[in-house]
Amino acid sequence: MNRITRIENAWKIAKDYYGDFGVDAEAVLASLEETPISIHCWQGDDVVGFEHDAGGASGGILTTGNYPGRARNAAELRQDLDQAMSMIPGTKRVNLHAIYAETGGGVDRADLAPEHFRAWIEWAQERGIALDFNPTCFSHPNAASGFTLSSRDDDVRAYWIRHVQACRRIAAEFGRVLGKRSLMNIWIPDGFKDIPADRMTARRLLKESLDEILSVPMDPALMRDAVESKLFGIGLESCTVGSHEFYLGYAVKNNVMLTLDSGHFHPTEAISDKISSALLYLDEILLHVSRPVRWDSDHVVILDDELQMIANEIVRCGRDRVNIALDYFDATINRVAAWAVGTRAMQKALCRALLEPPELKRMEAAGDYTGRLILSEEIKSMPWEAVYAWFCLKNDVPAEAAGVLDAVRGYEQNVTSKRT
Ligand code: RNT
Ligand code: ZN
């Protein structure tokens with residue numbers, strides 16, 4: 001039997017199988033198709049960016065590895081993203097950071113403007129994709145003290161306020177030109193290596209900075225602000241100014257989005273459990289799906305238990321209120337593969353979540369925990385992969401590992417291995 005016939009036959013059997021469980025697999029395909037995943041551009045160049053003195057990420061985040069072929073400029077990064085996206089079915093968005101501006105050199109971050117992203121906007125427009133955005137409040141001399149929006153130095157604080165405000169205007173322009181709202185996520189590295197004597201002042205300063213930034217009204221149809229909390233970073237072990245409580249409170253009070261990053265909590269604490277709570281008090285949230293291994297290591301996302309739990313909660317709580325973005329950076333492997341594997345893993349988890357038999361919730365509601373356990377174990381080996389393979393085939397992207405690997409190897413041979 002040829003490959004395509006085999007995938008199609010498997011899909012037909014799977015559709016029939018899920019039908020018996022009261023699940024409409026055709027509807028699942030449609031839902032999967034329209035669920036956007038925001039792909040982070042920074043996996044492609046190890047969070048370096050295009051500023052002329054760019055030296056890699058600081059602020060307690062760290063990329064390790066030196067796999068050859070890193071994108072060295074915007075044209076290469078876009079080419080690599082195109083290659084990755086050709087291996088990813090469904091609706092894609094691309095997530096940019098301010099350091100990916102193309103200024104020709106010499107433009108200060110506080111003076112960035114939409115024109116410095118013109119090539120990105122045109123590229124996105126040609127592909128019909130939305131752009132998300134992030135101010136870059138790290139890897140910069142004005143962040144060298146370890147404090148940005150919570151700095152005690154008025155000039156430093158004013159500088160970063162101007163930068164974030166510039167970024168909000170850029171995000172709004174993305175939304176306007178592309179006709180799709182841009183999400184702008186604020187993450188700052190600010191924190192203390194050792195035990196602080198005054199946490200309150202730093203947090204009050206951060207609150208005041210955010211208040212000033214948000215005092216400029218923006219059209220929510222064009223852009224929306226999100227704030228991302230964190231537990232600790234390297235060299236910032238004792239206290240992070242923008243902690244979970246800080247931003248949860250801030251988001252609820254000010255009607256901005258909360259960003260939950262899977263690597264930003266205690267190792268046994270999972271963001272999957274936080275989604276339902278956050279959505280009782282916020283209209284929407286943003287996820288930074290990552291994979292922490294022992295710390296916030298930003299490994300490539302894989303189909304593990306927590307990813308599945310995150311996807312289940314997204315589907316159960318409402319896909320329209322949870323915005324999915326990826327956030328990881330591994331420089332020890334082919335970077336295009338890293339994008340493809342992580343994004344496809346997110347989609348596979350969503351596919352499985354969408355295929356969940358309604359019986360599971362019914363059993364729980366009836367107090368039948370034994371039934372819930374037996375069925376949830378069975379769900380793990382249901383033929384979801386036949387549904388995902390068919391989804392890939394319909395979208396004209398590789399359905400199986402061999403296809404992904406061939407595409408990655410071919411691109412590496414022809415393009416990235418030639419970069420020196
Ligand atoms: C850092 C945060 C943040 C960054 C990106 C590059 O811990 O997760 O989201 O990873 O902005
Ligand atoms: Zn993040």
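Atoms within each ligand, like the ligands themselves, are counted from 1 in listed order.
In terms of polar-atom proximity, defined here as any N/O pair under 3.5 Å, N185 makes no such contact with ligand 1. The shortest N or O to N or O distance between K230 and ligand 1 is under 3.5 Å. Between D261 and ligand 1, an N or O atom pair is found at a separation short of 3.5 Å.
The aromatic rings of W11 and W390 lie parallel to each other, their planes meeting at an angle below 30°, with 60° marking the opposite boundary. Ring geometry for W120 versus F50: interplanar angle under 30°, hence parallel rather than tilted (30 to 60°). Relative ring orientation between Y250 and F246 is described as parallel, the plane-to-plane angle staying below 30° on a 0-90° scale split at 30° and 60°.
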The test is ring-ring contact (aromatic ring centres under 6.0 Å, His included); show your working for Y247 and H264 and say whether it passes.
CA-CA 13 Å; Y247 281 127; H264 288 193; over 10 Å; no
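Remark: minimum distance from atom 10 (O) of ligand 1 to any protein heavy atom is reached at D327 OD2, 2.8 Å. Nearest protein neighbour of atom 9 (O) of ligand 1, counting heavy atoms only, is E228 OE1, 2.7 Å.
The closest approach between a heavy atom of H264 and any atom of ligand 1 is below 4.0 Å.
Residue H288 approaches ligand 1 through these ligand atoms, each under 4.0 Å from one of its heavy atoms: 9 (O). The atoms of ligand 1 that sit less than 4.0 Å from any heavy atom of F329 are 10 (O). Each of the following atoms of ligand 1 lies closer than 4.0 Å to a heavy atom of H97: 5 (C), 6 (C), 11 (O). Counting atoms of ligand 1 from 1 in the listed order, those under 4.0 Å from a heavy atom of I61 are 1 (C), 7 (O). Listed by atom number, the atoms of ligand 1 under 4.0 Å from D296 heavy atoms are 7 (O).
Checked for salt-bridge contact, R168 and D225 meet the test: a charged N lies under 4.0 Å from a carboxylate O. With respect to the salt-bridge test (charged N to carboxylate O, under 4.0 angstrom), the residues R118 and E102 do not qualify. Ion pairing between K253 and D211 fails under the 4.0 Å rule for side-chain N and carboxylate O. At a threshold of 4.0 Å, the pair K361-E356 does not count as salt-bridged, since none of the basic side-chain nitrogens sits closer than that to a carboxylate oxygen. Residues E364 and R372 are paired through a salt bridge, judged by an N-O separation under 4.0 Å between the basic side chain and the carboxylate.
At least one N, O or S atom of H288, from either the backbone or the side chain, sits less than 2.8 Å from the Zn ion (ligand 2).
The atom of D327 nearest to the Zn ion (ligand 2) is OD2, with the search restricted to N, O or S atoms. Its N, O or S atom nearest to the Zn ion (ligand 2) is what matters here, and for D261 that atom is OD2. Restricting E228 to its N, O or S atoms, the one at the least distance from the Zn ion (ligand 2) is OE2.
Contacts with ligand 1 closer than 4.0 Å are made by no heavy atom of H40, backbone or side chain.
The cationic group of K274 lies under 6.0 Å from the six-membered ring centre of F265 and within 45° of the ring axis, placing it in a cation-pi geometry.
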